[in-house]
Amino acid sequence: MTRIAVVEGDGIGKEVIPVAARALSVLRPDWEQVRLELGFERWRRTGTALDDRDLELLRSVDAVLFGAVQSAPNGEYPSVVLALRRALGLFANIRPIRGGGADLVVVRENSEGLYAGRERVEADRACTERVITRTGTERIARTACRLAAGRRHLTIGHKANVLAADRFFLEIARGVAAGEGVAVDDAFIDALCLDVLRRPERYDVILVENMFGDILSDVAAFHVGGLGLLPSANLGDRYALFEPVHGSAPDIAGRGIANPTAALLSAAMLLEHLGDPRAAHLLRSSVETVLFRGERTPDLGGTATTMEFGDAVLVSLQKMV
Ligand code: IPM
Ligand code: MN
């Protein structure tokens, strides 16, 4: 039987993930959902945010649906999101941005660069090392090429005019694309951020290293109405975790106004990954139908609550299944 782990996490994760989990139970009542608590709230109660037994459970399921975890206020525990990506070998972060004239996919390297945790803080200086490896670049470039092969083309975003590590990344990624017969161009990341806003139609699959991908995906979210709408997949050779791009958003948490769209679309990516494109399509159509009718949460100028929006999606879904 297919088993998925459902992790709400903290903040608005507790509000949006239940909506997505309900949609999954409507579409796949035959799948088992295993709940797991991780993050800040749990750390406050028990003293651990994530431990080896959690990882064992997460490694035993077919996929993970993940909300968001609040960072430790004073670094009491390391980032749970980064720890999960590392422990599960989730080297590829796939972030599709579809809508408002954009139809692109940011393919973000998810394990290296500035987020690899190689840091030193001394009295008068602090240093974060940005390491880019051949193996890491080749595997993410292959992922991007596979995606681009079924679409239009590939753009590599970088800062090779300044950084040696980026000349290395660019050269290796270009080599992989040439080997796979994928049409490729490239752009400086700063100019690319502006151009993606101005002329999104010129872009399709965009390959970037870790931090550039973090920033570029938030920038590109402009086209779809913000972070409340962006889903993502974290993929490795063995495990897969799906999460909204937004974080725990403590500023709006607990008010019932978070947009569950990103979580619902992340669940659609999970369905597709586990071999059910039909269910994924039904879920996306239901979300679109409700948004199109104008039932929207406040981030999109509407007055619907998380629950009202979620209920509307579920009603539409139930009519389709
Ligand atoms: C994201 C988030 C995370 C990241 C943080 C919470 C570690 O900003 O998924 O984009 O930078 O990867
Ligand atoms: Mn981010």
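Both counts, for ligands and for their atoms, begin at 1 and track the order of listing.
For H246, no heavy-atom contact with ligand 1 is shorter than 4.0 Å. The residue M211 has no part lying near ligand 1, judged by heavy-atom distances below 4.0 Å.
When each of L207, T133, V208 is tested with F169 by the rule side chain to side chain contact (heavy atoms under 4.5 Å, CB included), just one qualifies, namely L207.
Protein heavy atoms are absent from the 4.0 Å sphere centred on atom 5 (C) of ligand 1.
Remark: distances from the non-hydrogen atoms of Q70 to ligand 1 are all 4.0 Å or more.
The distance criterion of under 3.5 Å between nitrogen or oxygen atoms is not met by S79 with respect to ligand 1. For a threshold of 3.5 Å applied to N or O pairs, the pair formed by D214 and ligand 1 contains at least one separation below that value.
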task: With side-chain contact (heavy atoms from CB on, under 4.5 Å) as the test, would you mind laying out the steps for V107 and I94 before giving the verdict?
output: CA-CA 5 Å; V107 176; I94 312 293; 4.2 Å; yes
- request: Tell me, with the steps shown, if R3 and D62 meet salt bridge (Lys or Arg N to Asp or Glu O under 4.0 Å).
  value: CA-CA 6 Å; R3 288 168 72 233; D62 297 286; over 6 Å; no
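Relative ring orientation between Y77 and W43 is described as tilted, the plane-to-plane angle lying within the 30° to 60° band.
Remark: R142 fails to qualify as a cation-pi partner of F91 under the 6.0 Å distance and 45° angle criteria applied to the six-membered ring.
Considering just the N/O/S atoms of D214, the one nearest the Mn ion (ligand 2) carries the name OD1.
Scanning all protein heavy atoms for the shortest distance to atom 12 (O) of ligand 1 gives R85 NH1, 2.6 Å.
Of all the heavy atoms in A165 and R130, the pair that sits closest is CB-NH1, 3.9 Å.
Heavy-atom contacts of R95 reach the following atoms of ligand 1: 1 (C), 9 (O), 10 (O) (cutoff under 4.0 Å).
A salt bridge between E112 and R139 is absent, with no side-chain N of the basic residue lying under 4.0 Å from a carboxylate O of the acidic one.
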